[in-house]
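Here's the structure, in structure tokens; my notes come after.
Values below: every heavy atom of this structure, side chains too, minus hydrogens, waters and symmetry copies.
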Amino acid sequence: MYGLFKPRVLGAWRMPARGPVILAVNHAHNLDGPMVMGVAPRPVHFLIKKEAFVGPLDPFLTGIGQLKVDRSTADRTAITQALQVLQEGGVLGIFPEGTRGEGDFASLRAGLAYFAVRSGAPIVPVAVLGSSERRGRLIKGLPPLRSRIDVVFGDPFEAGDGSGRRTRKALDEATERIQKQLTEHLENARRLTGRQATLSSG
């Protein structure tokens, strides 16, 4: 990542140095996950759609500890693997929007709340800004080489209410808390970096 682009990493010190952590990353471009993997202070195990595990990417992604998930069903294998990462004190990376979109956390799935409430792990919001502003000339699907991409880590927070309840109501309330925190972090990150909201270039 540092060879191809010019990442500017802000607030990485906010990420707990040990113990289970969930990184909640906005998702405006396919580069966002690899960028966070490349600059995070600890190894990150992302839940990644199974469609990405094709050809030589399959053994590579598996080899660096990424988790394959089938988004068309409740993938019990992926859920178990993700919880195991947290039980072992690792870092789980999630795109809470589910699919690539505007990257503004406007539409959250319940998966993030489930992992946070079930494991008790704190969530660290991560905003990746600049990956979808312009397309490169050499490789159309990527930002211009050597362009600046900002990765802003936020303060850890607890999603649950402390009761440990995993009812539908508790998860809905946790999702609301998460959405508020993530949206506030994204707004702060944009102010901090001087980047205003831009439409995704797809």
What are the two closest heavy atoms between L92 and V85, and how far apart are they?
-> N-CG1, 4.2 Å
With V91 as reference, evaluate L86, V44, V124 under the side chain to side chain contact (heavy atoms under 4.5 Å, CB included) test and give the passing residue.
-> V44
Would you indicate whether the side-chain heavy atoms of Q66 and M37 approach each other to under 4.5 Å?
-> yes
Atom pair CD1 (I64) and CZ (F46), whose distance is rounded to the nearest 0.5 Å = 10.5 Å
Do any side-chain atoms of residues 14-23 form donor-acceptor pairs under 3.5 angstrom with protein atoms, and if so which ones, sequence neighbours left out?
from	atom 1	to	atom 2	distance (Å)
R14	NE	D155	OD1	2.9
R14	NH1	F153	O	3.1

Can you find a pair of side-chain heavy atoms, one from P96 and one from L182, that are under 4.5 Å apart?
-> yes
Give, for atom CD of E173 and atom CZ of R168, the distance between the pair rounded to the nearest 0.5 Å.
-> 12.0 Å
With hydrophobic residues grouped by side-chain heavy-atom distances under 4.5 Å, do V39 and L10 end up in a single group?
-> no
For the pair K180 and E184, find out whether any cationic side-chain nitrogen is under 4.0 Å from an anionic carboxylate oxygen.
-> yes
Which value, rounded to the nearest 0.5 Å, describes the distance between R190 atom CZ and H185 atom NE2?
-> 10.5 Å
Are L112 and T175 close enough that some pair of their side-chain heavy atoms sits under 4.5 Å apart?
-> no
Walk me through it: do D172 and K169 pass the test side-chain contact (heavy atoms from CB on, under 4.5 Å)?
-> CA-CA 5 Å; D172 286 346; K169 185 171 184 289; 5.7 Å; no
At what distance, to the nearest 0.5 angstrom, does CD of E176 lie from CD of Q181?
-> 13.0 Å
Quick one: pull up NZ in K49 and CG in D75 and give me the separation to the nearest 0.5 Å.
-> 15.0 Å
Tightest non-hydrogen contact, residues A127 and L186, listed as CB-CD1, 3.7 Å
What is the minimum heavy-atom distance between R177 and G160, and which atoms define it?
-> NH2-C, 3.6 Å
How close do I123 and A116 get, heavy atom to heavy atom, and via which atoms?
-> CD1-CB, 3.7 Å
Between CG of L67 and CZ of F53, what distance do you get to the nearest 0.5 Å?
-> 7.0 Å
Below 4.5 Å, heavy atoms only, C-beta onward: do F115 and I79 meet side chain to side chain?
-> yes
Can you get from M35 to V152 by hopping between Ile, Leu, Val, Met, Phe, Trp and Tyr side chains that sit under 4.5 Å apart?
-> no
Could you state whether V36 and L192 fall into the same hydrophobic cluster, counting links through intermediate Ile, Leu, Val, Met, Phe, Trp or Tyr residues with side-chain heavy atoms under 4.5 angstrom apart?
-> no
Considering all heavy atoms of both residues, which atom of G33 and which atom of F95 are nearest to each other, and what is their separation?
-> CA-CZ, 3.6 Å
